[in-house]
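The structure under discussion appears below in the form of structure tokens.
Heavy atoms only: backbone and side chains are in, while hydrogens, waters and symmetry mates are out.
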Amino acid sequence: MIKFRGRSRLIHRVSGQVYLWLAIFIFGASSAVTRKLTEIGARHFIDGRNPISLCNVLFVGNLCALMVMLLIYNRQWNKATLAQLSKKDWLGLTAVAILSGALAPGLIFQALSLTGVNNVILVGRLEPTLALALSVWLLKERIGFGEFIGAIAAFTGVILTIILQPPGSDMMNMGGWQLGLGELLVALGSITLAISTIIGKKYLTHIPLGIYSIFRTALGTVIFFFIALLLYGRDHFADVFSPFLWQWMFLYGGVIVVVGQSFWIIGLKSSTVSTASLVASFTPIAGIMAAYFILGEVPTMAQYLGGSLIMLGIFLSQVSKSRQTSHKSPIASTPTEQKVEMDIGFKGI
């Protein structure tokens, strides 16, 4: 009987890791799939408009993600739980929704139209590094020496990826440096996500995960919608109900959002923080592989140099984290979810 229970726990743990790995490969492929969908849309214009625009993909993708979260976390949205939230809690949730639910995705999706997917993936690693630095500075968190060195290596890799880009039409002159607009937008999006992470860790650790995730996604989607209307005009979402868009969004929403998000949540429920963090660290590799196989995008010399340093930084950080015993805590809470998502970076939705 004891042996049977031991085997059952082992199978449960292994299956949880499988779900995490599948989710990471799906999240890693999100940027490449998004770019591919917009290319398909560009070959099927409707009245001179691309029906599968980046804004349409982000807006509809968020709606799909919201439906998944409502199915999983609907029980947390009850009067008793909501009544315990203060005005300060709602202000914090609103700030996080604006930053990580609207501004950051908008900036990163816009960057996808200006630069390569590999650049978006690699420069996006600025977010975990900056979030770690802000956690140490503002929240007085302690980190190991390996994490410190790893963060420096990853940050250096991001900087090299940005400044060593070959000349392009979207280059901007900033202090004598020629910097790509797409890379700058990714960097701004990453900074926005890092600030959002710090606000969440500082003020929202007691908020139930379901309320935190659903509110951020719902309000962020609404705010993104109105910002896009303000910037691009009221016709910007004219094709949001196009059958051609939705036939492809069933693929994006079904696989990238529904399956990816579901696998991730299932995997987290049966994994430790250290395991989930280790798996999440492979997101850049999954993204670069997807860009190659889906788009045929071969890394440039700048991406090889910067990416090598970034992966070295991730490796050093993971080695340092593996020596900490506190990573055996459960993940069914907002603080631990935030901690793991710092290692993933932007998930594409």
Side-chain angles (χ1 to χ4, degrees), residues 24 27 30 62 65 69 88-109 120-143 147-148 150-152 154-155 158 185-220 223-224 261 264-265 268 273-274 276-281 283-284 310 313-314 317-318 321 326-327 329 331-349:
I24 287 304
F27 292 151
S30 63
N62 273 344
M69 292 176 189
K88 185 177 180 180
D89 294 333
W90 288 112
L91 286 174
L93 285 169
T94 300
V96 167
I98 293 172
L99 293 171
S100 65
L103 295 182
L107 288 168
I108 293 174
F109 267 59
V120 173
I121 293 169
L122 295 177
V123 178
R125 299 310 299 175
L126 178 63
E127 179 214 335
T129 303
L130 183 57
L132 181 65
L134 291 176
S135 296
V136 173
W137 178 35
L138 299 176
L139 305 182
K140 309 303 179 184
E141 291 186 1
R142 294 185 177 182
I143 62 172
E147 278 189 89
F148 174 72
I152 292 178
F155 180 77
V158 170
L185 290 178
V186 178
L188 288 174
S190 299
I191 293 170
T192 303
L193 285 171
I195 294 172
S196 171
T197 298
I198 297 304
I199 293 174
K201 293 174 70 174
K202 177 69 174 180
Y203 300 107
L204 304 176
T205 55
H206 61 288
I207 304 294
L209 182 57
I211 294 178
Y212 176 88
S213 300
I214 291 174
F215 187 86
R216 177 181 61 180
T217 303
L219 183 59
I223 292 174
F224 168 77
Q261 196 78 358
W264 180 245
I265 292 171
L268 287 181
V273 176
S274 58
S277 179
L278 175 63
V279 174
S281 67
T283 306
I310 290 170
I314 292 174
S317 296
Q318 289 302 322
K321 289 179 181 179
S326 61
H327 282 191
S329 56
I331 308 182
S333 64
T334 301
T336 46
E337 168 79 357
Q338 292 170 340
K339 190 171 187 177
V340 172
E341 288 199 352
M342 274 180 59
D343 293 309
I344 303 180
F346 183 64
K347 293 192 291 185
I349 53 176

Qualifying residue for side chain to side chain contact (heavy atoms under 4.5 Å, CB included) with L193, from L107, L103, I198, I108: I108

Contact summary for A102 and G220, nearest pair of heavy atoms: CB-O, 3.4 Å

Nearest-0.5 Å distance, OG1 of residue T217 to CG of residue L219: 10.0 Å

Gap separating the CD1 atom of I152 from the OG atom of S317, nearest 0.5 angstrom: 10.5 Å

Which atom of I199 lies closest to which atom of A95, heavy atoms considered: CD1-CB, 4.3 Å

Atom of G124, atom of V186 and distance for their closest heavy-atom approach: N-CG1, 3.6 Å

Residues T129, V158; criterion side-chain contact (heavy atoms from CB on, under 4.5 Å); working and verdict: CA-CA 10 Å; T129 303; V158 170; 5.8 Å; no

Residue pair L138, K202: steps toward the side-chain contact (heavy atoms from CB on, under 4.5 Å) verdict: CA-CA 9 Å; L138 299 176; K202 177 69 174 180; over 6 Å; no

Sequence-distant partners of F215, ring-ring contact (aromatic ring centres under 6.0 Å, His included), two or more places apart: W90

Nearest-0.5 Å distance that lies between atom CH2 in W137 and atom NZ in K140: 9.0 Å

Min side-chain heavy-atom separation L204-Y212 under 4.5 Å: yes

Closest approach of L132 to A151 (non-hydrogen atoms, all atoms of both residues): CD2-CB, 3.9 Å

Closest non-hydrogen atom pair, I310 against A154: CG1-O, 3.6 Å

For S281 against I314, the heavy-atom pair lying closest together: CB-CG2, 3.3 Å

Spacing of L93 atom CG and I214 atom CD1 [to the nearest 0.5 Å]: 11.5 Å

Value rounded to 0.5 Å, distance of CG in N62 from CE in M69: 8.0 Å

